[in-house]
Amino acid sequence: MNCSVAPTLPLWSGSPARRFIPRPVRCSAERQALFNRIAPVYDNVTPSHFIPLAKMGGCVLDLCCGSGDLAFLLAEKVGNNGKVTGLDFSEEQLSVAASRQQLRSKPCYKNIEWVEGDALDLPFPDGYFDAITVGYGLRNVVDKRKALQEMYRVLKAGSRVSILDFNKSTKPVTTLIQEWMIDSVVVPVATSYGLEEEYRYLKSSIREFLTGKELEKLALEVGFSKGRHYEIGGGLMGNLVATR
Ligand SMILES: C/C(=C\Cc1cc(O)c2ccccc2c1O)CCC[C@H](C)CCC[C@H](C)CCCC(C)C
Ligand SMILES: C[S@@+](CC[C@H](N)C(=O)[O-])C[C@H]1O[C@@H](n2cnc3c(N)ncnc32)[C@H](O)[C@@H]1O
């Protein structure tokens with residue numbers, strides 16, 4: 001395993017969910033409540049574009065891991081001698097992730113550790129991880145700059161972060177298609193689970209997000225030596241890859 005220094009990790013432990021407040025989702029606590037609420041139905045939405053980042057035996061952080069889709073894929077990639085840390089501030093999401101882990105028998109899944117924590121104040125030492133992945137996470141974090149600064153701090157020199165999310169397109173037609181898909185597909189499906197408000201938030205969160213160029217600029221500003229944003233799915237999605 002490549003994780004040389006063992007930090008003191010605040011391991012996940014279950015406790016009662018907080019109440020969801022159905023208003024525009026502005027602060028961290030409200031977002032935390034939102035993700036606790038969708039945890040029971042949230043699953044299998046992570047495409048595996050950024051798995052190549054993880055190497056056999058590596059020590060990888062899946063930031064904003066939710067119910068763990070990506071962490072499970074990463075565990076297969078780093079193998080039995082690697083380590084995956086899944087961090088999220090929603091205890092309900094982590095509870096689902098931990099239950100799913102218990103149902104899986106392959107030894108590589110034993111190497112996943114779930115940590116309840118804040119992307120804005122990571123509980124890891126400097127230069128700890130060989131790679132970081134973030135799936136649909138950065139857009140939901142209140143302070144994007146601080147989150148990128150924290151990722152930079154905990155990455156080893158020369159290592160990379162891969163941040164997959166919906167793309168805030170600069171092309172009006174792409175935005176129109178994206179919003180149509182959210183209104184006509186995503187929200188109606190979510191409504192059938194009683195989660196209409198939670199998924200309506202998607203549209204505003206993309207509007208308030210950064211464009212690919214803005215993400216590249218921010219990555220360089222916080223110290224990354226390279227930052228490149230790739231559009232995926234005709235510009236509906238995007239992946240920022242930054243090197244420390
Ligand atoms: C349900 C989807 C994504 C995960 C997700 C992300 C968020 O930020 C949330 C915030 C608040 C509540 C819930 C979520 C949340 O569930 C959307 C489905 C993703 C598809 C599996 C990926 C398919 C990509 C297509 C090429 C493009 C679809 C884009 C469209 C804008 C939905
Ligand atoms: C849309 S989910 C994505 C989950 C997972 N990465 C996936 O692809 O399925 C966003 C996750 O980010 C987490 N999150 C948002 N802000 C956070 C923060 N400041 N610290 C830790 N987790 C955060 C939420 O709890 C939620 O689980």
Side-chain angles (χ1 to χ4, degrees), residues 9-12 14-15 17-18 20 25-51 53-54 60-75 84-101 112-124 131-151 153-154 161-167 182 186-187 189-190 193 195 197-206 208-209 232-233 237-240:
L9 301 176
L11 287 175
W12 174 80
S15 71
R18 294 177 187 86
F20 173 72
V25 184
R26 295 266 165 238
C27 74
S28 245
E30 288 177 359
R31 290 184 191 196
Q32 194 175 21
L34 184 155
F35 287 107
N36 277 329
R37 189 168 156 89
I38 66 170
V41 299
Y42 190 89
D43 208 356
N44 290 317
V45 290
T46 309
S48 48
H49 287 106
F50 40 16
I51 300 305
L53 211 71
V60 182
L61 171 65
D62 182 29
L63 193 63
C64 300
C65 65
S67 58
D69 283 351
L70 181 55
F72 292 120
L73 294 172
L74 290 167
V84 176
T85 302
L87 180 137
D88 204 285
F89 70 1
S90 161
E91 55 188 353
E92 298 302 321
Q93 294 278 354
L94 292 175
S95 164
V96 174
S99 311
R100 294 172 74 198
Q101 184 183 21
I112 310 176
E113 189 156 32
W114 309 108
V115 175
E116 186 178 340
D118 192 343
L120 304 179
D121 183 17
L122 292 176
F124 310 110
I132 301 179
T133 57
V134 194
Y136 307 110
L138 187 63
R139 180 178 33 83
N140 291 302
V141 169
V142 175
D143 187 342
K144 275 97 179 145
R145 178 180 294 270
K146 180 71 180 144
L148 274 169
Q149 280 167 344
E150 278 294 85
M151 290 182 227
R153 182 183 67 75
V154 302
V161 56
S162 177
I163 301 175
L164 175 86
D165 218 311
F166 296 117
N167 182 34
I182 293 172
V186 179
V187 171
V189 172
Y193 289 98
L195 294 168
E197 286 306 318
E198 287 83 344
Y199 277 83
R200 281 206 187 283
Y201 153 77
L202 265 184
K203 206 159 88 175
S204 59
S205 73
I206 299 170
E208 288 161 20
F209 197 35
I232 303 169
M237 316 283 287
N239 189 13
L240 174 74

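Atoms considered below: every heavy atom in the structure, side chains included; atoms not considered: hydrogens, waters and symmetry mates. Order of appearance sets the numbers: ligands from 1, and atoms from 1 within every ligand. Bear in mind the structure is a predicted one, so any value in this text is a computation, not a measurement.
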Checklist entry - Between the candidates Phe89, Tyr136, Phe35, which shows the shortest non-hydrogen contact distance to atom 22 (N) of ligand 2? => result Phe89
Checklist entry - Do any nitrogen or oxygen atoms of Leu120 lie less than 3.5 angstrom from nitrogen or oxygen atoms of ligand 2? => result no
Item to check | Proximal atoms of ligand 2 relative to Gly117 (non-hydrogen, under 4.0 Å) | outcome: 20 (N), 21 (C)
Next on the checklist: Please determine whether side-chain contact (heavy atoms from CB on, under 4.5 Å) holds for the pair Val189 and Tyr199, giving the CA-CA distance in whole Å, both sets of side-chain angles, and the decisive distance to 0.1 Å.
Outcome noted: CA-CA 9 Å; Val189 172; Tyr199 277 83; over 6 Å; no
Checklist entry - With a 4.5 Å heavy-atom cut-off, do Glu150 and Leu120 have their side chains touching? => result no
Checklist outcome for this item: Hits for side-chain hydrogen bond (donor to acceptor under 3.5 Å, both in side chains) against Lys203, two or more places apart or cross-chain, chain-then-number order -> Asp183
Checklist entry - Between the side chains of Ser162 and Asn239, is a donor N or O closer than 3.5 angstrom to an acceptor N or O? => result yes
Checklist entry - With a 4.0 Å cut-off on heavy atoms, is Arg31 touching ligand 2? => result no
Checklist entry - Counting distance only, does the side-chain N/O of Gln93 pair as donor-acceptor with the main-chain N or O of Phe35 below 3.5 Å? => result yes
Checklist entry - Short N/O distance, under 3.5 Å, between Leu63 and ligand 2? => result no
Checklist entry - Is the Tyr136 ring parallel, tilted or perpendicular to the Phe166 ring (thresholds 30°, 60°)? => result tilted
Next on the checklist: If you take the nearest heavy atom of each of Asp69, Asn140, Asp88, which one is closest to atom 11 (C) of ligand 2?
Outcome noted: Asp88
Checklist entry - Between Arg153 and Phe124, is there a donor-acceptor pair closer than 3.5 Å when you use the side chain of the first and the backbone of the second? => result yes
Item to check | Ala119 N/O under 3.5 Å from ligand 2 N/O | outcome: yes
Item to check | Proximity of Ala147 to ligand 2 by residue part, where a heavy atom lies under 4.0 Å | outcome: neither
Item to check | Candidate with minimal heavy-atom separation from atom 19 (N) of ligand 2, of Val115, Val142, Val141, Asp118 | outcome: Asp118
